[in-house]
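Beneath this line is the structure, given in structure tokens, with notes to follow.
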Amino acid sequence: MNSTGKFIAMAMVTVLASVPYVYAQFPRVCATLEAIEAHQCCPFLSGNGSRCGEEEGRGSCVDIKIDDLPHGQQYVLVGIDDRERWPERFFNRSCVCNSNYGGFDCSGCKPGWQGEDCSQQRPPVIRQNIMNMTQEERETFLDVLDLSKSIPHPDYVVAQDHYRNLVAENATEPNFINITIYDLFVWVHYYSVRDTLLGPGQAYTAIDFSHEGPAFLTWHRMHLMGLENDLQVLSNDPTFALPYWDFAIGGSECDVCTDDILGGQNPNDPTFLGPNSTFADWEVVCLSLDWFNDNIKLCNGTFEGPIRRNPGGNIDRPAVQTLPATEDVIKCLQVDEYDTFPYFSDSDNSFRNALEGYSETDGEFEIGVRTLHNLAHLFLNGTGGMTHASANDPVFVLLHTFTDAIFDEWMKRSNATVADFPEENAPIGHNLDFNMVPFFPPVTSRNMFVPSEQLGYSYAVQFPEASTAEQTSPFTWAMVGISAFVALNVVVGLLVWSIRYRSRKRYEDLSLVQDNNGIHYRA
């Protein structure tokens, strides 16, 4: 490890004194039999104050608000899934913090605030293009991220069993386990997309709390903020910011997929990361979705093999061999409506659906299309293309910060408010005031549907404006007309090639399968 990494390792004692923040699944202090049986997570302030800091004026223990407005008909079960009225199955009371205080016990500050009494507005941290970072900045980021894979999360634990088995007969403690900081990030994403467990060999698959709906962008925003906060604590640097990967560069080359950034290809097997990559030794978790379903178990953080990635190498799907282009982002930013009914992956003229990648970049819905965010995932052609496991690949972090940057730019250009976000009839988990799964204490899309500066961060990015008809020469329009027929034939050919039935796990790469020998590609 270089000098920066050694400094970070020496500073890791600060993790024990971390400032608690909203994250997932549950605070370790509430992972007790007493708390579960009482359905109450209202810890004492910093372990020795009053509950939720009530006597100190920081917060109070109150009933958790549950969104009762109707959701869409994609999910038809009632009272079966522990995520349906999150987090009511586990807790119905938690801390609500006053003013700018925050955290599960109100000992911290809300995003964007600092100081002992949380009265000072914190300058936003700046998320920048990883390709524009200095070598020292980049190495610092990579060292901290790598360290997070091995350091247990100081505050949060996760359930490793179905909620009905969370407290075994005669058990003295519920079935929660510790998990590392980065693996928690992976687990949270897995838990939000996992199937509904019905019984051995049975599962309900038409459910996703973080994709294919209005909360796609707000959910991933909260997801990234949780990791960023954890890495700020881990590095003892409150200015630490997640960088982004500008994936809208076109072509078939992955510019961040090199050994000195996020990992190049192994010369002996291009589907593995190169041996000199920081992440060559990382192992994935939460991969075996079918096994979890068959055994009615949740991911418990067991390692399941190395990261796989072969950018642009899916020969069976030519449409995902090339990255999105700058023009795709320009078109997407011109879509007027944030989302449109039925607020799903078949929404037409929806900015959210265009950015998520289920419609053309201009918002027009077309069956089988995969663009922008979805295309970038599929281009990676490996772990990063499997929805439930995709967060294992560190490219996920930078792919989603760039997606969030586009979202933030659209909000500013559109002067968006919560009135643009559906309050009801979105897929379950996606209404404006539904408590997003599995964040705790509860957080909603309403909290996240604001400009990023209000949440404590901003982007060093300049998105180009759309060119206008007045700026386009007659010669250009003539060339467009002449080439239209040829382009139409090319597009038709690509569509015929790329249209497929919807997969059970949304953007996953269907060339990946899992067996007892690990992950491999179909011949």
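Just the heavy atoms: all of them, side chains too, but no hydrogens, waters or symmetry mates, feed the values below.
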Residues Phe434, His430; criterion ring pair (Phe, Tyr, Trp, His ring centres under 6.0 Å); working and verdict: CA-CA 6 Å; Phe434 193 99; His430 290 263; 8.6 Å; no

Using side-chain heavy atoms (C-beta onward) and a distance below 4.5 Å, is [X] in contact with [Y]?
X      : Y      : result
Asp404 : Arg127 : yes
Phe396 : His189 : yes
Ile261 : Arg138 : yes
Val397 : Tyr182 : yes
Thr403 : Ile406 : no
Leu398 : Leu242 : no
Ile428 : Gln74  : no
Ser210 : Val193 : yes

For the residue pair [X] and [Y], confirm or rule out a side-chain donor-acceptor distance under 3.5 Å.
X      : Y      : value
Trp282 : Asp146 : yes
Gln265 : Asn310 : yes
Asp246 : Asn129 : no
Asn178 : His153 : no
Ser288 : Glu304 : yes

With Arg194, the salt bridge (Lys or Arg N to Asp or Glu O under 4.0 Å) member among Asp82, Asp208, Asp290: Asp82

Pairs where residues 190-238 contributes a residue and the test disulfide (SG to SG under 2.5 Å) is met, not counting sequence neighbours: none

Verdict with supporting geometry, Phe247 and Phe402, ring pair (Phe, Tyr, Trp, His ring centres under 6.0 Å): CA-CA 8 Å; Phe247 57 71; Phe402 187 62; 5.0 Å; yes

Asp155/Arg28 under salt bridge (charged side-chain N to carboxylate O under 4.0 Å, His left out): CA gap, chis, key distance, verdict: CA-CA 6 Å; Asp155 297 314; Arg28 183 177 291 103; 5.5 Å; no

Carboxylate-amine/guanidinium proximity below 4.0 Å for [X] and [Y]:
X      : Y      : value
Arg352 : Asp339 : yes
Glu409 : Arg413 : yes
Asp143 : Lys149 : no

Tell me every residue that passes salt bridge (charged side-chain N to carboxylate O under 4.0 Å, His left out) with [X], counting only those two or more places apart in sequence or in another chain.
X      : value
Glu84  : none
Asp259 : none
Lys412 : Asp408, Glu453
Arg83  : Asp81

If the plane angle is over 60° it's perpendicular, under 30° parallel, otherwise tilted; pick one for [X] and [Y].
X      : Y      : result
Phe449 : Phe407 : tilted
Phe185 : His223 : parallel
Phe104 : Tyr156 : perpendicular

Test log, rule ring pair (Phe, Tyr, Trp, His ring centres under 6.0 Å), inputs Phe90 and Phe26: CA-CA 9 Å; Phe90 302 93; Phe26 298 120; 5.1 Å; yes

To the nearest 0.5 Å, what is the distance between [atom1] ([X]) and [atom2] ([Y])?
X      : Y      : atom1 : atom2 : value
Thr302 : Trp291 : OG1   : CH2   : 8.0 Å
Leu184 : Asp230 : CG    : CG    : 7.0 Å
Thr401 : His220 : OG1   : NE2   : 12.0 Å

CA sep, side-chain torsions, deciding dist, call: Leu399, Tyr244, side chain to side chain contact (heavy atoms under 4.5 Å, CB included): CA-CA 6 Å; Leu399 187 162; Tyr244 65 85; over 6 Å; no

Test side-chain contact (heavy atoms from CB on, under 4.5 Å) applied to Ala325 - qualifying residues, sequence neighbours left out: Asp328

Steps toward ring pair (Phe, Tyr, Trp, His ring centres under 6.0 Å) verdict (Tyr358, Phe365): CA-CA 7 Å; Tyr358 288 109; Phe365 175 69; 8.6 Å; no

Stepwise side chain to side chain donor-acceptor pair (under 3.5 Å) test for Thr383 and Arg308: CA-CA 5 Å; Thr383 307; Arg308 303 297 290 264; over 6 Å; no

Ser359 backbone acceptor or donor facing Thr371 side chain under 3.5 Å: yes

